[in-house]
K.L.:
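Before I ask anything, here is the structure I am working with.
For reference, positions follow the sequence shown, starting with 1.
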Amino acid sequence: MSPRRAPNDLLRGLLREAGWTQERLARAVNTLGGETGLALRYDRTAVAHWLAGTEPRAPVPSLVAEALSRRTGRLVRPETAGFEAATPEPGTQDPVGRFLALSRSTADPHCREPLQRPYRALDAAVPALPARQPARQPGGGPVPHRETVLALHDTARRFAASFNAHGGRPDRSTLSAHLAGEVFPLLRSPGLGPVRRELMTAASRLAFLLARMYQDGLRQGLAQQYFTCAHLLAAEAGDRQTWSVVLRAMSTQAERLGQLPSALRLAEAAAGAAPARPPAQQAYVQAQLAVVLGRVGDRRGALAAISGAEHATERASGAAGPFAAYPEAALHFQVSRALDALGDMSGALAALHRSTAARADTDVRGRALTHARSAELLLRTGRLDEACAAWLRLTHSPVGLRSGEVEDALRRMCRMLHPHRRRRGVAGLLARARARAERVPGGGC
């Protein structure tokens, strides 16, 4: 912490406006720390020091500001909470410039600031629907950079496959460097002509994949920034299909962080973005809409969205690829989450069973998360032995799987099993988790 200054009356006034105690603010900051991958342990005494004029180290002022923004429903910046102003972020650049600045910062192994930026609830507004672009007319001779476009789509497929097999941590710096060093110069190349829109779409999809990698690594603020770049690039390209896919993922992020109004707005915008979208995309967006509607208590709407997702899946072609297909296992996983939100526990467990059965062998991350989800639901229904069996399968996940979401699931397992630690089989399961943590930092209790 920095030396004491004058008492922080701005922060005290915001606490009064929020109706929060010092302890409540400390808990909110700790929660936001978890969204940036930080294990914070602040209590009311820390807040008392801040109120007395002590400046906490970064990124705590930004976390305080975000906590108060969420509580008050208006934008609170570190300086309006009585702290030093945060370093300004590139927000006025064109989409390509913003994309470059972000990818350069995350490609730099010595730059920690992007990792510490919290998710901002007030930034989760629905962007304007991109204008439709006229279709490119056939003919006219060879198109420059056509091979480059195909290569970028192939790159997206390779990184998506690696994400499923190994989690989001191993490749994110590599992808950041690729975006900054290879993709950005292409977007600024002269004489692109009609292929520029296709290059922008390819760049948008790579930004989307990087957002998913950081989200999987529990770096929610950085994931949000890459999702923003992805939807801006898709809008620049006039690609409503990719734009809709990005908004659906942004809805998932908001919903899992408890930001339900934003999650609903984003899910509805994604569902309505392109009436003629392919069936696989319809299933993808309807499945998320079902989850959010279930969580806000709209039973009829959630069931209708589940039905829409399932019917769209039946009509989907056999196309492959991260942006052309919606795996059946992923659909069942989302259906399970929606049914759980509606209180249908038996239906939720049945959907998870179907999800596990449909998982491809290469989807190591998805299978691990499905085991974790099954175990948690089983324990909630009092079926401890079955829950332990599912968690045991989770602990058998390869140590090469470097997924923050899987590691977080293992930590939840330890907390949930702690009251049962003396039961037969539970102690051994907890020991396996501790042994895994020794091999995979953060990968156990």
Side-chain angles (χ1 to χ4, degrees), residues 35-37 58-59 61-63 65-66 69 75 77-79 84-125 127-128 130 145 148 152 155-156 159 168-169 171-190 192 196-239 242-243 246-247 249-250 253:
E35 294 180 14
T36 62
S62 294
L63 301 181
E66 174 58 21
S69 294
L75 178 61
R77 301 184 186 278
E79 57 269 31
E84 293 180 3
T87 303
E89 295 176 4
T92 59
Q93 296 171 302
D94 66 284
V96 176
R98 182 172 183 163
F99 181 44
L100 171 67
L102 184 59
S103 56
R104 278 180 173 170
S105 68
T106 55
D108 181 358
H110 304 293
C111 185
R112 300 293 302 169
E113 187 171 343
L115 295 177
Q116 298 175 333
R117 190 258 205 194
Y119 178 90
R120 294 178 182 167
L122 295 180
D123 287 353
H145 297 291
T148 302
L152 289 180
T155 297
F159 275 106
R169 286 181 171 160
D171 290 331
R172 62 194 189 193
S173 294
T174 302
L175 182 52
S176 292
H178 179 70
L179 292 173
E182 304 293 334
V183 178
F184 172 77
L186 291 173
L187 299 177
R188 289 293 196 229
S189 298
L192 289 176
R196 183 174 186 273
R197 282 166 43 203
E198 296 179 48
L199 285 171
M200 295 287 271
T201 288
S204 171
R205 294 179 175 186
L206 289 171
F208 170 89
L209 288 173
L210 194 49
R212 291 288 294 112
M213 290 178 182
Y214 278 108
Q215 184 182 17
D216 178 71
L218 309 182
R219 298 297 194 266
Q220 301 292 350
L222 193 47
Q224 184 184 37
Q225 291 185 82
Y226 270 112
F227 280 136
T228 298
C229 285
H231 81 63
L232 289 172
L233 290 166
E236 184 83 359
D239 183 350
T242 299
W243 184 88
V246 175
L247 260 63
M250 293 170 67
Q253 183 185 31

K.L.:
Can you give me the closest heavy-atom contact between A230 and S204, atom names plus distance?
P.N.:
O-OG, 2.7 Å
K.L.:
Within a strict 4.5 Å, meaning less than it, do heavy atoms of the T201 and L233 side chains meet?
P.N.:
no
K.L.:
State, to 0.1 Å, how close A180 and R104 come at their nearest heavy-atom pair, and which atoms those are.
P.N.:
CB-CG, 3.8 Å
K.L.:
Drop me the distance from L100's CG to S105's OG, to the nearest 0.5 angstrom.
P.N.:
9.5 Å
K.L.:
Indicate the atoms forming the closest heavy-atom contact of L209 with A156, along with that distance.
P.N.:
CD1-O, 3.3 Å
K.L.:
As an exercise, state the distance from CZ of F99 to CG of L210, rounded to the nearest 0.5 Å.
P.N.:
8.0 Å
K.L.:
State, with a plain yes or no, whether a side-chain heavy atom of R98 is found less than 4.5 Å away from one of L102.
P.N.:
no
K.L.:
Answer whether the closest heavy-atom distance between the side chains of W243 and P127 falls below 4.5 Å.
P.N.:
yes
K.L.:
Could you tell me whether R212 and D171 have a side-chain N and a carboxylate O separated by less than 4.0 Å?
P.N.:
no
K.L.:
Kindly compute the distance separating CD (E66) from CG (L75), expressed to the nearest 0.5 Å.
P.N.:
9.0 Å
K.L.:
Would you check if the side chain of T242 reaches a backbone N or O of D239 as a donor-acceptor pair within less than 3.5 Å?
P.N.:
no
K.L.:
What distance do S103 atom OG and Y226 atom OH have between them, rounded to the nearest 0.5 Å?
P.N.:
5.0 Å
K.L.:
Kindly indicate whether the side chain of R196, heavy atoms from C-beta on, has any atom under 4.5 Å from the side chain of E236.
P.N.:
yes
K.L.:
For a side-chain contact (heavy atoms from CB on, under 4.5 Å) check, start with the C-alpha distance between V246 and T228, then their side-chain angles and the critical distance, and finish with the verdict.
P.N.:
CA-CA 9 Å; V246 175; T228 298; over 6 Å; no
K.L.:
Nearest 0.5 Å please: distance from the OH atom of Y214 over to the CZ atom of F227.
P.N.:
13.0 Å
K.L.:
Could you grab the distance from atom CG of D216 to atom CZ of R169, nearest 0.5 Å is fine?
P.N.:
7.5 Å
K.L.:
Would you say the side-chain atoms of Q220 pair up with the backbone N or O of Q253, donor to acceptor, closer than 3.5 Å?
P.N.:
no
K.L.:
Any side-chain heavy-atom pair from M200 and V96 closer than 4.5 angstrom?
P.N.:
yes
K.L.:
Side chain to side chain donor-acceptor pair (under 3.5 Å): which pairs involve residues 175-188, sequence neighbours left out?
P.N.:
D94-R188, T106-S176
K.L.:
Looking only at non-hydrogen atoms, find the nearest pair between A65 and P78 and report the distance.
P.N.:
CB-N, 3.7 Å
K.L.:
Are Q224 and R117 close enough that a side-chain donor and a side-chain acceptor fall under 3.5 Å?
P.N.:
yes
